[in-house]
Amino acid sequence: METLVMNNLKVDVNEEGYLKNPAQWTPELAHEIAKEVNIELTDRHFEVLNWLRAKQAEGVALSIRKVGNSGLVDIKEFYQLFPGGPLKISSKIAGIPKPVSCI
């Protein structure tokens, strides 16, 4: 297990940098993780992040299609908010495990 220190916050992460314990997530930590991928988080980002966290807590298997069908964002906006691999990146920022649909 690796420990990541970001802005004086210590969190346990796996080898890919995903939080091992989603309970360690905070909005401040999300901002720090987002900075690493050059994303400046807005309220719109947090709407998506909170939706992802809620669905993961419900045990829903996440996919880009499910996000696009959520009624929250369409797939185009999802890619605009989290460019370069929206589900993989947003999951990391949201502090949830990498979805199995991500390679």
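Starting from 1, each residue takes its place in the sequence as its number.
The closest side-chain heavy-atom distance from K76 to Q80 is below 4.5 Å. Counting only heavy atoms from C-beta outward, the side chains of V73 and V48 approach each other to under 4.5 Å. Between K92 and K98 the shortest side-chain heavy-atom distance does not fall below 4.5 Å. In this structure the side chain of F82 reaches within 4.5 angstrom of the side chain of I93, judged on heavy atoms. The shortest distance between side-chain heavy atoms of P97 and L19 does not fall below 4.5 Å. A heavy-atom distance below 4.5 Å is found between the side chains of V11 and L29.
Counting only residues at least two apart or on different chains, the side-chain hydrogen bond (donor to acceptor under 3.5 Å, both in side chains) pairs with a member in residues 45-57 are T42-H45, R44-E47, K55-E58. For residues 59-69, there are no side-chain hydrogen bond (donor to acceptor under 3.5 Å, both in side chains) pairs, not counting sequence neighbours.
There is a path of hydrophobic side-chain contacts, each under 4.5 Å, that joins L41 to I33. Hydrophobic cluster membership differs between V13 and Y18, with clusters built from Ile, Leu, Val, Met, Phe, Trp and Tyr side chains linked at under 4.5 angstrom.
L81 approaches I39 most closely through the heavy-atom pair O-CD1, 3.9 Å. Closest non-hydrogen pair, S90 versus L52, comes out as OG-CD1, 3.3 Å.
By the side chain to side chain contact (heavy atoms under 4.5 Å, CB included) test, Y79 is found to be paired with I64, I75, P86, residues two or more places apart in sequence or in another chain being considered.
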